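Notes for the one structure printed next.
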Amino acid sequence: MTKKVYLDHAHLLHLLKAMIRIRHFEAKCVELYQAQKILGFLHLYDGEEAVSVGVMEALTPEDAIIATYREHGQALARGVDPKCLMAEMMGKLNGCCRGRGGSMHFFDRKRRFYGGNAIVGGGLPLALGVALADKMQRRSAVTACFFGEGAVDEGEFHETLNLAKLWRLPILFVCENNLYSMGMAVERAEADIDFVHKASGYRVAGEKVDGMDVVAVESAARNAIDRIRSENDPYFLECRTYRFRAHSMFDAQLYRSKEEVEAWRKKGPILRFQTWLEANRLIKPEEIAAMEKEIDFEIAEAVAYAEAGGLEPISELERFVTMDEVPA
Amino acid sequence: MTKKVYLDHAHLLHLLKAMIRIRHFEAKCVELYQAQKILGFLHLYDGEEAVSVGVMEALTPEDAIIATYREHGQALARGVDPKCLMAEMMGKLNGCCRGRGGSMHFFDRKRRFYGGNAIVGGGLPLALGVALADKMQRRSAVTACFFGEGAVDEGEFHETLNLAKLWRLPILFVCENNLYSMGMAVERAEADIDFVHKASGYRVAGEKVDGMDVVAVESAARNAIDRIRSENDPYFLECRTYRFRAHSMFDAQLYRSKEEVEAWRKKGPILRFQTWLEANRLIKPEEIAAMEKEIDFEIAEAVAYAEAGGLEPISELERFVTMDEVPA
Amino acid sequence: MNAPEPTFTPNRMTYREACKQALREALLSDPRVFLMGEDIGRYGGCYAVTKGLLEEFGEERIRDTPLSESAFVGAGVGAAMAGMRPIVEIMTVNFSLLALDQILNNAVTIPHMSGGQFAIPLVIRMATGGGRRVAAQHSRSLEGWYAHIPGLRVLTPATVEDARFMLKSALADPNPVIIFEHVMLYNMEGDFPSDMKEVDIARAKVHRAGRDVSLITYGGSLFKALQAADALSSEGIDAEVIDLRTLRPLDTKTIIDSVARTRRCVIIDEGWRSGSISAEVGMRIAEEAFFELDAPLRRVCSREAPIPYAAHLEDACLPQAATIVAVARELVRPS
Amino acid sequence: MNAPEPTFTPNRMTYREACKQALREALLSDPRVFLMGEDIGRYGGCYAVTKGLLEEFGEERIRDTPLSESAFVGAGVGAAMAGMRPIVEIMTVNFSLLALDQILNNAVTIPHMSGGQFAIPLVIRMATGGGRRVAAQHSRSLEGWYAHIPGLRVLTPATVEDARFMLKSALADPNPVIIFEHVMLYNMEGDFPSDMKEVDIARAKVHRAGRDVSLITYGGSLFKALQAADALSSEGIDAEVIDLRTLRPLDTKTIIDSVARTRRCVIIDEGWRSGSISAEVGMRIAEEAFFELDAPLRRVCSREAPIPYAAHLEDACLPQAATIVAVARELVRPS
Ligand SMILES: Cc1ncc(C[n+]2csc(CCOP(=O)(O)OP(=O)(O)O)c2C)c(N)n1
Ligand SMILES: Cc1ncc(C[n+]2csc(CCOP(=O)(O)OP(=O)(O)O)c2C)c(N)n1
Ligand SMILES: [Mg+2]
Ligand SMILES: [Mg+2]
């Protein structure tokens with residue numbers, strides 16, 4: 001039976017706010033990138049906000065997350081402090097990884113956020129281990145493992161799904177299918193684009209959900225988590241979504257048309273949810289304005305925090321190459 | 001429409017002989033192993049003869065083969081000279097690889113036998129390349145790629161099937177499902193043991209065939225090859241079989257019972273085919289006797305050839321580490 | 001009297017363009033050549049090296065692959081065994097770990113193990129190195145690992161000239177060849193004689209002759225070494241700069257000859273110090289030119305740590321001209 | 001007067017048994033410890049090391065895995081991050097290439113890259129080396145590659161004592177540790193004091209003191225070096241034999257001290273010569289003990305070729321005592 005998401009006013013506002021926070025945060029990142037305060041690769045989540053926001057709603061603080069290099073959204077939706085994220089992207093010591101990881105490598109131990117990973121598919125095997133550790137330690141936590149549809153092509157996907165099912169591990173596989181892996185359209189990369197069917201090749205149950213609809217994602221994720229806990233089994237969730245911007249900051253987007261992008265923008269998760277809220281008079285314009293103001297203030301604070309942060313001393317460069325102890 | 005195998009008397013005898021050749025050849029290998037004339041690993045095909053013999057019948061000399069480390073059967077059925085194989089196993093210069101490869105690494109360029117491979121799953125990507133080369137060079141050849149059901153668990157299986165279908169490569173995937181990968185029973189290693197279903201996750205068509213029935217294998221392989229050529233697509237054939245002996249020469253077989261092995265022996269491919277031929281009076285006892293005599297003579301010749309072979313001079317050890325030219 | 005007629009018109013282009021022209025030339029001159037790799041077609045190549053090739057040569061010869069490094073590198077091995085001349089691109093050396101089994105267990109092993117029945121004329125290109133602020137998983141220099149593998153040829157074009165012509169030599173080799181392109185070089189401009197047709201990959205190159213100390217390096221570090229040599233020369237120290245160019249097989253003779261002249265040597269290598277190719281270069285000198293040396297060998301390598309994102313930390317991790325200067329100075333004029 | 005009371009009863013067992021006892025001890029003493037790998041359970045381990053452990057500890061802690069090296073090694077990394085102490089077995093180093101991405105890009109990178117938020121207390125055991133007539137794909141020695149990786153500890157127990165006790169030290173280390181067990185050692189018997197509880201993995205071990213030349217080695221080659229030292233001594237050459245024991249971090253001090261005494265050094269390494277760990281050992285000496293040396297450094301390594309099946313060819317490929325003797329003799333008494 002499908003579980004209904006309890007849509008009270010506060011929750012609706014919370015969902016919208018979580019998505020707008022990601023959108024605005026990233027808009028600021030682009031500015032800072034242009035100002036060369038953020039360097040390297042920067043993979044924006046613009047267009048995909050409903051996926052992380054919806055999935056994270058279904059998780060508890062005990063649950064664990066394995067993220068990708070496109071993890072601004074995943075981290076913010078999980079509740080990782082925007083200040084530490086911004087500082088991380090600016091390479092500062094007060095960043096969540098002391099400035100060592102940058103945009104692709106957010107970690108937050110306290111929130112069981114097991115890191116952004118820049119090797120496509122590289123996080124999948126880690127999810128096995130985290131879930132196994134929880135299971136062996138009799139914790140009831142679920143591990144949510146995020147990956148793009150491009151990662152499905154890697155051998156790691158195959159090996160991981162098989163083991164997850166064999167060992168009946170509590171893993172929610174969240175496939176962010178944004179139709180492209182860099183310039184490779186999904187139907188050019190996958191012989192079978194029915195991912196739920198593919199998952200059935202490991203007897204992993206799954207479903208496809210509209211990743212542009214935050215309520216649908218939350219609802220599907222809640223059902224999935226319930227099922228994982230009750231059946232003691234992994235579950236596969238394909239979230240159909242779209243990335244509005246370039247793959248990273250170096251991408252001429254030769255592989256898709258402006259029209260295609262425009263058509264998808266009209267289905268954007270924020271636009272759509274906000275329009276629906278407004279049409280149904282579930283939110284007042286001034287609430288949105290207040291919300292955006294709050295968010296922008298939060299982001300300004302994050303930038304200020306990051307700007308004020310110092311640099312890790314070069315003398316500490318080799319610290320943690322080997323650890324002195326296992327952190328408690 | 002299922003293609004009937006043309007079962008004239010000569011062909012029936014040929015099939016039986018091909019299987020008995022493998023069986024006797026390997027029995028001799030065991031003797032030589034015990035006499036320490038063959039060293040290292042020795043993986044017997046005992047029980048699985050119908051698979052190679054059936055599949056090879058469907059191939060032409062233009063077709064290519066990718067083998068495993070359990071490839072005595074695959075090589076003999078392909079028509080590789082038993083003399084060179086025996087010499088190879090005895091580490092002699094007149095072996096098919098100058099004694100460098102041994103039991104796990106038979107190569108025969110003339111027969112497009114692209115080698116035994118001792119990395120489980122390691123041959124699968126090679127099949128892509130050989131088939132692609134044939135396709136790009138407008139040859140109508142098919143590549144038959146052999147692998148155990150254990151190889152299905154490796155990421156290479158997944159990546160290879162996807163690419164084979166995407167690029168519509170003429171590959172016959174021959175899964176020798178003998179129910180164990182070393183001591184790992186297939187249902188303990190695979191979340192889904194319906195391999196044909198798994199192949200459908202790449203939209204690769206396939207079927208399961210009784211690998212203990214040489215005529216069924218030949219028939220299925222002929223159909224598969226026809227389909228590969230007409231549809232311009234890969235095909236997946238699961239051959240259900242059983243290995244009668246230990247995984248290799250060091251294996252206490254703790255993981256299965258003697259009764260299980262005995263029960264399977266009763267379904268053995270040679271026993272079964274020969275009994276059927278006899279019951280239907282398709283073969284005379286003296287024909288079998290003559291056949292066995294011929295085979296044993298062949299094998300004795302092979303041993304003599306191998307015994308007479310010299311050793312590769314140590315001074316040539318580094319020859320072919322790099323090639324001086326691409327062999328024509 | 002007139003100025004001497006120039007015997008050539010210099011050709012000027014970026015390293016990226018040189019790589020592309022080399023690929024075009026290969027595709028034009030041999031129908032067996034084709035390209036495989038992630039995003040080399042529609043996307044135009046992650047470093048824009050292959051941009052335009054899909055339009056010119058079509059999907060059959062410019063093959064976009066899914067994210068399946070093991071499978072498509074293995075496919076390159078198989079295709080090479082069966083008569084083609086594949087050029088496979090792995091986006092960066094960091095992802096090549098996923099394909100290492102195919103390279104080591106198949107590509108370099110089959111020719112020898114089959115008793116010479118099969119050659120594997122396969123070329124694999126990959127970007128390597130740090131400096132782009134893309135953190136640990138994207139900044140490795142593993143050239144030294146590949147240089148450890150018998151049967152492989154390892155090329156590290158550092159100049160536009162080498163980027164333009166090494167591919168041709170690689171394709172002429174009946175063995176697997178890896179070409180490492182340092183990420184920081186793609187935008188670099190350089191020139192070469194317009195009548196130039198090929199380069200000799202058997203020899204290391206003395207980029208600058210000198211008497212006092214040999215600076216031996218390769219790839220992206222070449223320019224740091226040259227910069228260091230300039231700085232040293234202003235201090236009256238005359239450094240020789242050698243670009244190894246081919247890491248396997250190493251041109252030991254050029255190395256030994258140089259050290260025999262200068263009697264002092266600093267090896268600069270972007271790989272991590274312990275177990276690096278710089279150790280091998282040093283060890284060769286210690287084995288073969290021991291009595292020629294007047295001072296201990298020295299290395300300038302990357303710090304032994306995952307390369308961090310933050311710019312100041314990354315810079316501190318990688319070899320820099322200033323460090324090279326300091327180490328070379330101390331060798332020549334011990335304090 | 002009576003003979004002195006023995007202060008210990010010697011414990012005698014095979015290397016295989018020592019590995020097993022070490023695993024048992026680990027399982028008994030820490031509930032977070034569990035084993036994962038191919039055929040470690042029902043089959044009893046491909047080298048029979050884990051035989052009986054499944055029966056004793058059950059399927060939850062002795063986990064047979066499918067053929068999925070990347071996934072189960074990665075699972076080990078994840079489990080270590082989340083509070084367990086996994087011991088992962090990769091049957092042999094040859095198959096570890098399939099898991100190298102997880103080792104390099106995750107296991108050793110995450111602690112540093114996360115700014116110290118996560119440790120990865122993971123132990124990976126694998127068999128290594130040649131000599132079993134199992135041809136190129138099953139006979140590699142890639143210890144040197146692993147020794148190149150910052151963040152990793154690399155142990156090479158060569159004696160029964162080390163096989164018995166190094167695991168304990170590995171588990172006490174909050175960092176990923178690789179233990180290489182040489183395939184030719186499993187049947188070897190040896191003993192150690194029965195009151196022995198642990199070994200110090202920080203130090204290389206001088207197995208035999210000598211004045212004339214240092215033979216530096218590790219793993220399966222130790223016994224060849226000791227054999228060579230015996231032969232040399234009958235020629236009046238007094239060789240010192242050092243077992244490195246830990247390839248990363250290297251105990252440079254013990255190496256340098258030895259060479260400072262003997263002034264001559266041969267390094268013996270089953271890896272291929274170029275770019276091997278023996279190059280690193282040599283280079284350290286060339287950097288730090290240059291003025292102590294009276295002769296060039298020398299190496300005895302595997303021939304740079306895939307290891308062939310045929311016994312005489314395999315033997316010719318691998319380092320042998322006779323070669324060590326010849327090289328050492330030539331160093332001490334140049335002809
Ligand atoms: C193993 C590996 N190969 C290649 C890359 C380069 N790369 C980075 S992102 C990417 C596309 C991944 O697409 P997808 O998984 O769909 O995620 P998305 O970027 O669409 O979110 C590629 C090819 C990589 N990081 N890792
Ligand atoms: C990558 C890899 N991992 C492990 C091994 C060790 N090994 C050799 S054969 C084998 C079992 C393979 O089983 P399967 O594929 O079913 O073939 P079968 O032996 O049953 O014919 C294993 C685990 C190997 N050779 N390669
Ligand atoms: Mg995508
Ligand atoms: Mg099997």
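What you see is a predicted model; the values in this text were computed from it and never measured. All values below come from the heavy atoms of this structure, side chains included, with hydrogens, waters and symmetry mates left out. Every chain is numbered from 1 and lettered A, B, ... according to where its sequence line falls, protein lines coming before strand lines.
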Among [options], which has the most heavy-atom pairs under 4.5 Å with chain D?
options	value
E287(C), E288(C), R303(C)	E287(C)
R284(C), E304(C), M283(C)	M283(C)
A305(C), P308(C), G151(C)	A305(C)

Which one, N106(D), L97(D), L247(D), leads in non-hydrogen pairs under 4.5 Å with chain C?
L97(D)

Are the side chains of [X] and [Y] in touch, meaning some heavy atoms are under 4.5 Å apart?
X	Y	result
Q137(D)	L104(C)	no
T109(D)	R140(C)	yes
L142(D)	W145(C)	no
P306(D)	H112(C)	yes

Please state whether the side chain, the backbone, both or neither of [X] comes within less than 4.5 Å of a heavy atom of chain D.
X	result
L100(C)	both
S276(C)	both
V108(C)	backbone

Part of residues 324-335 of chain D lying next to chain C, heavy-atom separation under 4.5 Å:
none

Anything in residues 289-297 of chain D with a heavy-atom distance to chain C below 4.5 Å? Please list those residues in order.
F290(D), F291(D), L293(D), D294(D), A295(D), P296(D), L297(D)

Less than 4.5 Å to any heavy atom of chain C: does that hold for the side chain of A286(D), its backbone, both, or neither?
both

Can you tell me which portion of R248(D) sits under 4.5 Å from chain C's heavy atoms? Options are side chain, backbone, both or neither.
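Only the side chain of R248(D) comes within 4.5 Å of chain C.
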
Let me confirm one number: the OG-CD1 distance from S274(D) to I149(C), rounded to the nearest 0.5 Å.
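S274(D) atom OG to I149(C) atom CD1 measures 11.5 Å (nearest 0.5 Å).
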
